[in-house]
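Hydrogens, waters and symmetry mates are skipped; everything else that's a heavy atom, side chains included, is used. All chains are named by letter (A, B, ...) in the order of the sequence lines, taking the proteins before the strands, and each is independently numbered beginning at 1.
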Protein chains: 2
Amino acid sequence: MKGIRQLAEHLQISTGTVSRALNGKSDVNAETRRRVLAAAEDLGYVPNQAGRSLRQGASKTIGLVLNHGSSVGAGNENFFPLVIAGLQNVLSRHGLDLVLLLCPREENYDAFLRRMVARRLVDAMIITATRVKDPRFAFLTTAGMPFVSLGRSDSALPGNNWVDLDFEGIAERAVLRLFERGHRRIAIAAPASDVNLGKLFLEGYRAGLAKCGLQEEPDYIFYEQALEEGGYRVGEKLLASKKRPTAIVLNAELMSVGLYRRLGEAGLVPGRDLAVIAERESPVGRFLLPRLTCFRLDLDALGRMLAEMLLSNLPAFAEGYQDVPRNRIWPLELVEGESDPPLAAPD
Amino acid sequence: MKGIRQLAEHLQISTGTVSRALNGKSDVNAETRRRVLAAAEDLGYVPNQAGRSLRQGASKTIGLVLNHGSSVGAGNENFFPLVIAGLQNVLSRHGLDLVLLLCPREENYDAFLRRMVARRLVDAMIITATRVKDPRFAFLTTAGMPFVSLGRSDSALPGNNWVDLDFEGIAERAVLRLFERGHRRIAIAAPASDVNLGKLFLEGYRAGLAKCGLQEEPDYIFYEQALEEGGYRVGEKLLASKKRPTAIVLNAELMSVGLYRRLGEAGLVPGRDLAVIAERESPVGRFLLPRLTCFRLDLDALGRMLAEMLLSNLPAFAEGYQDVPRNRIWPLELVEGESDPPLAAPD
DNA sequence: CTGAAAGCGCTTACAG
DNA sequence: CTGAAAGCGCTTACAG
């Protein structure tokens with residue numbers, strides 16, 4: 001089956017009627033619609049997307065823009081697949097397809113985004129891995145490309161939609177919890193890059209210290225990559241510190257793999273010799289020994305919220321999504337592990 | 001800037017000439033081309049994809065089809081991002097964009113694939129996570145959608161292109177290595193599902209046993225999910241076995257996280273009390289204690305090979321890719337770790 | 001070297 | 001309820 005014309009000829013009716021029948025327009029005879037649908041099913045007809053897109057000025061496709069390295073895979077296993085499931089759950093109700101867009105390593109990120117916008121391959125975008133200063137907010141706003149951001153940024157404009165995890169909240173709660181458990185020398189690992197969550201994580205950490213009446217100790221802040229290797233280096237630095245912290249808050253659970261190894265190499269036992277709380281629950285953390293204390297969130301619901309925010313921005317779908325909030329800070333719940341028992345002998 | 005017409009009007013020349021200039025056709029005056037290119041750059045003009053696709057019958061977009069759960073994230077962190085980098089490296093040379101397509105959880109996989117093919121959103125596809133019997137080979141072949149498969153299948157047709165890891169080879173070599181190191185009771189973990197690599201992995205295992213003159217012991221074959229939790233259950237079963245194996249070959253490195261934990265809970269030390277070799281090198285394995293002995297491959301090169309095979313199938317690009325092989329079994333190299341020292345006291 | 005024109009496959013006012 | 005026609009933005013024979 002080639003196109004709608006062939007289908008129409010086969011049915012001996014006009015392409016206009018076929019199109020209306022296929023698209024569920026109301027002004028079509030019931031029997032005609034039945035015949036059209038049956039024939040389309042039979043002959044395996046599906047509208048050519050290019051034709052539709054051109055005519056309608058919309059591709060019915062949403063793009064999820066992921067940063068190479070920072071987002072897919074690297075430290076985010078089990079994050080995006082679940083968010084995507086939530087996104088698709090909502091989008092598919094409206095016949096919208098989701099495609100993932102990755103900037104090729106060789107291409108400049110801004111050029112890539114500009115090209116993706118101009119090509120009009122997608123009607124709207126979801127951007128991720130926001131930075132403190134992030135030109136994408138202004139660019140997409142100006143370009144008229146509807147979008148929602150997974151992540152905050154100082155560059156977000158008043159009208160922009162975003163959802164972000166409560167990074168500051170979890171860092172603060174981690175500090176308070178460790179304090180209650182007797183810890184007074186509490187370190188933190190934060191990303192070395194300019195991703196916005198690093199800033200938030202540190203803010204929460206400082207807020208926590210302040211609430212506990214603890215002094216901030218610059219030596220206890222470790223800027224490292226949010227991966228296994230970064231965790232290993234955190235361990236290295238911890239072992240070298242003059243007055244070693246008794247607890248640490250990691251902004252990524254994968255770091256704990258490297259940290260555990262480094263501690264083990266030195267004959268130290270995670271949990272017993274160093275309390276650890278890591279940001280996000282994931283299978284790796286659950287099967288480490290000791291099991292990580294971490295924070296859990298409903299990723300599927302997060303994906304659905306992102307989709308709903310996006311739809312509230314698209315004129316064709318906004319009606320059903322009137323009362324979706326413009327912004328949302330997503331809560332996380334502490335999951336008790338084995339990695340942060342109370343300190344045996346508080347200083 | 002809206003369309004090519006506005007650009008042409010601005011330049012006071014015809015849209016045809018603008019199009020030819022933009023698309024690098026030879027029959028354009030050098031000065032005209034310069035002006036067109038400058039104006040396009042200036043005004044931020046990029047051709048509307050729908051118009052191009054419709055006219056050319058091609059979208060200049062390639063789809064990488066990933067299975068939810070089995071492929072992105074789950075157990076494959078650091079796998080696809082690197083393969084994708086290789087793919088894009090080759091595709092971008094030809095102005096081809098890559099998009100990732102994930103089947104929504106609610107949608108039937110076959111229906112999804114049929115829809116994606118019919119929509120003509122992409123000109124060609126890369127499929128992954130092949131099963132022993134896999135209807136996609138026949139479907140895509142019949143539908144005339146060019147494709148290449150990352151993974152073999154009994155359903156692959158003679159003309160189909162594929163690249164696959166040498167699963168049988170690594171399983172066999174793992175067994176031989178463990179045998180040389182004194183092990184006689186060598187277990188294996190293979191996927192519980194019908195993914196083709198599970199079959200290959202077992203074949204290699206059996207070939208290895210045969211070469212070593214070892215008897216196959218049904219109790220030493222553990223069918224488990226290739227994730228942390230599956231590894232934990234392998235540990236459970238190992239501890240329960242009458243005559244415990246002294247070594248195990250895992251088909252996924254993430255399993256070792258769960259296995260290490262289960263052994264640790266029982267007071268056993270991985271490496272010392274159980275030799276472990278896992279399939280693929282990854283950061284997690286490198287930072288486990290003991291570091292995993294595993295197999296390494298050049299994922300970027302694998303991605304490039306996939307792209308080249310695909311291009312050799314596309315009439316518009318085939319010329320430059322005449323001598324790309326039709327199929328390829330990709331070699332892996334053993335990376336020595338700390339998890340499989342020689343057995344202290346061979347039986 | 002350039003312009004005018006056709007047409008890719010579709011949807012949608014418009015007329016009846 | 002249906003058909004005929006226009007047109008979305010682009011590229012590409014074709015004529016000059």
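Taking the nucleotide of DNA chain D with the nearest heavy atom to each of B/Ala50 and B/Thr17, the more 5' of the two is matched to B/Ala50. Projected onto DNA chain D by closest heavy-atom contact, B/Lys25 and B/Gly51 fall at different nucleotides, the more 5' of which corresponds to B/Gly51. Place B/Ser26 and B/Leu54 on DNA chain C by their nearest nucleotides, and B/Ser26 ends up nearer the 5' end. Comparing A/Val18 and B/Ile13 along DNA chain C, the residue whose closest nucleotide (by nearest heavy atom) sits nearer the 5' end is B/Ile13.
Atom CG of A/Leu306 and atom CH2 of A/Trp162 lie 12.0 Å apart (nearest 0.5 Å). Atom CG of residue B/Leu91 and atom CG of residue B/Asp97 lie 9.0 Å apart, to the nearest 0.5 angstrom. Distance CG/A/Leu302 to CZ/A/Phe79: 6.0 Å, rounded to 0.5 Å. Taken from CG in B/Leu54 to CZ in A/Arg52, the straight-line distance is 13.5 Å, to the nearest 0.5 Å.
For the pair A/Val163 and A/Met305, the tightest heavy-atom approach, listed with the atom from each and the gap, is CG2-CG, 3.8 Å.
On the nucleic acid side, DNA chain D has its first and last nucleotide under 4.0 Å of a heavy atom of chain B at D/dG9 to D/dA13, going 5' to 3'.
You'll find the ring centres of B/Tyr45 and B/His10 outside the 6.0 Å limit.
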Apply side chain to side chain donor-acceptor pair (under 3.5 Å) to the pair A/Asp123 and A/Ser59, showing each step before the final yes or no.
CA-CA 6 Å; A/Asp123 295 339; A/Ser59 64; 3.0 Å; yes
Parsed dot-bracket for DNA chain C after applying the Watson-Crick and G-U rules with both distances under 3.5 Å and | for other-strand partners is |||.||||||||.|||
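Pairs engaging residues 136-162 of chain A under the salt bridge (Lys or Arg N to Asp or Glu O under 4.0 Å) rule: A/Asp134-A/Arg136, A/Arg152-A/Asp164, A/Arg152-A/Glu168, A/Asp154-A/Lys199 [sequence neighbours left out].
When heavy atoms are screened at a 4.0 angstrom cut-off, A/Asp27 is found touching base atoms of the nucleic acid. Using a 4.0 Å heavy-atom distance criterion, B/Gly16 is classed as a base contact. Counting non-hydrogen atoms under 4.0 angstrom, B/Thr32 reaches the backbone sugars and phosphates but no base.
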